[in-house]
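Let me begin by presenting the structure, written as structure tokens, before commenting on it.
One-based numbering, in listed order, for ligands and for the atoms of each.
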Amino acid sequence: MVRYFANIWHAFWTPLVGMALTWRHLFMPSVTVQYPDERWELPPNSRMQLFVNMDDCIGCAQCERACPVQCISIETVKALPEDVKETSTGHKIRLHTTKFDIDMAKCCYCNLCTIPCPTECIYMTPSFEDATPDRFDLVYHFTQISPQHAAELAEKARRAEEEEAAPKAARPKRGIAAAVAAEGD
Ligand code: SF4
Ligand code: SF4
């Protein structure tokens with residue numbers, strides 16, 4: 001019998017405890033944010049979406065080597081002397097960066113890639129709302145060079161290299177020919 005009345009008291013008391021908590025929070029300042037209409041101001045050193053300013057990238061691949069999870073992929077082609085440009089920091093751009101991809105699905109936001117960059121052109125941005133249903137959409141392509149243009153640049157560099165190598169290749173032959181001629185004398 002005692003247990004019966006205790007259960008009735010319990011059923012009556014516990015909602016009151018819950019409601020007391022609810023009523024208390026009604027008069028306290030709100031701690032929730034109505035995202036996306038409201039946003040928290042994130043700390044200035046927050047690590048989020050990476051960005052590369054390709055106008056200042058010299059294609060040195062130091063960021064690629066520093067990345068512990070290999071999520072940066074860079075390909076370059078040697079620039080001809082007349083195509084060498086300069087970054088805003090005064091560094092010579094002697095390579096065309098024909099591929100600069102970052103797979104943000106693999107990125108662990110360690111920030112190690114930004115540290116060795118000589119021109120400070122790779123950096124974390126305040127953007128963090130880049131979720132997508134397809135993980136391949138998280139591979140960001142930063143190069144401004146199209147695949148066709150990249151192939152043309154590679155061909156141009158190959159031809160220039162051949163032209164540069166030709167006189168060197170001819171030089172030992174002349175030496176041998178001269179030696180043979182001298183022996184004949
Ligand atoms: S933040 Fe870290 S994991 Fe992400 S690309 Fe840079 S080095 Fe790689
Ligand atoms: S370290 Fe900087 S300059 Fe070098 S390839 Fe990476 S982003 Fe470009």
Side-chain angles (χ1 to χ4, degrees), residues 30-169:
S30 171
V31 291
T32 53
V33 171
Q34 298 301 314
Y35 181 84
D37 301 323
E38 288 174 49
R39 283 173 166 82
W40 268 329
E41 199 175 314
L42 294 160
N45 57 351
S46 304
R47 294 175 187 173
M48 287 176 257
Q49 175 66 49
L50 278 166
F51 182 75
V52 186
N53 173 10
M54 291 306 294
D55 291 339
D56 277 354
C57 178
I58 60 170
C60 66
Q62 292 200 55
C63 52
E64 186 185 37
R65 286 192 288 276
C67 179
V69 294
Q70 284 92 47
C71 64
I72 302 179
S73 176
I74 295 173
E75 282 173 15
T76 54
V77 171
K78 197 175 167 189
L80 301 186
E82 62 270 26
D83 294 336
V84 171
K85 291 184 193 151
E86 219 172 72
T87 65
S88 64
T89 51
H91 293 76
K92 294 268 185 257
I93 306 176
R94 297 183 199 281
L95 297 167
H96 298 291
T97 306
T98 52
K99 182 183 174 192
F100 198 127
D101 292 352
I102 302 182
D103 187 347
M104 290 307 292
K106 286 188 196 164
C107 177
C108 61
Y109 299 86
C110 64
N111 202 35
L112 287 175
C113 54
T114 69
I115 296 164
C117 181
T119 62
E120 297 181 6
C121 68
I122 181 167
Y123 50 88
M124 294 271 176
T125 66
S127 166
F128 63 92
E129 297 161 309
D130 303 296
T132 164
D134 185 347
R135 69 177 300 281
F136 292 104
D137 289 343
L138 292 171
V139 181
Y140 291 86
H141 309 286
F142 290 99
T143 186
Q144 295 142 356
I145 299 171
S146 69
Q148 291 88 340
H149 191 196
E152 283 166 22
L153 290 171
E155 180 57 22
K156 222 166 132 185
R158 190 188 62 77
R159 263 192 258 127
E161 224 167 80
E162 272 178 12
E163 276 167 28
E164 203 182 311
K168 285 182 199 159

Hey, could you give me the [atom1]/[atom2] distance between [X] and [Y], rounded to the nearest 0.5 Å?
X: Lys99; Y: Ser73; atom1: NZ; atom2: OG; answer: 3.0 Å
X: Leu153; Y: Leu95; atom1: CG; atom2: CG; answer: 11.5 Å
X: Asn111; Y: Arg47; atom1: CG; atom2: CZ; answer: 5.0 Å
X: Gln49; Y: Met104; atom1: CD; atom2: CE; answer: 4.5 Å
X: Asn53; Y: Phe142; atom1: CG; atom2: CZ; answer: 10.5 Å

Near [X], which atoms of ligand 2 are under 4.0 Å from a heavy atom of that residue?
X: Cys63; result: 1 (S), 5 (S), 6 (Fe), 7 (S)
X: Cys117; result: 1 (S), 2 (Fe), 3 (S), 7 (S)
X: Ala61; result: 4 (Fe), 5 (S)

Requested in this report: Give the minimum heavy-atom separation between Ile122 and Cys113, together with the two atoms involved.
Outcome: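 Looks like CG2-O, 3.8 Å.
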
Query raised in the report: What are the two closest non-hydrogen atoms of Lys92 and Glu86, and how far apart are they?
Result: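 Result for this residue pair: NZ-OE2, 2.8 Å.
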
Report task. May I ask you to say whether Glu155 pairs ionically with Arg159, meaning some side-chain N is under 4.0 Å from a carboxylate O? Result ->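 A salt bridge links Glu155 with Arg159.
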
How close does the nearest protein non-hydrogen atom get to [atom], and which residue and atom is it?
atom: atom 4 (Fe) of ligand 2; answer: Cys60 SG, 2.3 Å
atom: atom 7 (S) of ligand 2; answer: Cys121 SG, 3.5 Å
atom: atom 8 (Fe) of ligand 2; answer: Cys57 SG, 2.4 Å
atom: atom 3 (S) of ligand 2; answer: Ile58 N, 3.4 Å

Solution key, residues 55-70 side-chain donor-acceptor pairs under 3.5 Å, sequence neighbours excluded:
unit_1	atom_1	unit_2	atom_2	d
Asp56	OD1	Ser88	N	2.9
Asp56	OD1	Ser88	OG	3.2
Asp56	OD2	Ser88	OG	2.6
Glu64	OE2	Ile74	N	3.1
Arg65	NH2	Cys60	O	3.3

Query - ligand 2-proximal atoms of Pro116, by part, heavy-atom distance under 4.0 Å - result: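 None of Pro116 does.
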
Query raised in the report: Just which atoms of ligand 1 are under 4.0 Å from any heavy atom in Pro68?
Result: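 Within the 4.0 Å cut-off of Pro68, ligand 1 contributes 7 (S).
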
Requested in this report: Any atoms of ligand 1 less than 4.0 Å from a non-hydrogen atom of Met124? List them with their elements.
Outcome: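 Listed by number with element: 1 (S).
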
Query raised in the report: With no hydrogens and no angle check, do the side chains of Thr89 and Thr87 hold a donor and an acceptor under 3.5 Å apart?
Result: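 There is such a pair (donor and acceptor under 3.5 Å, judged by atom type) between the side chains of Thr89 and Thr87.
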
Query raised in the report: Looking only at side chains, do Tyr35 and Glu129 share a donor and an acceptor under 3.5 Å apart?
Result: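 Side chains of Tyr35 and Glu129: pair found under 3.5 Å.
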
Query - 2.8 Å cut-off (strict), protein N, O or S atoms about atom 4 (Fe) of ligand 1 - result: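 Counting protein N, O and S atoms closer than 2.8 Å to atom 4 (Fe) of ligand 1 gives 1.
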
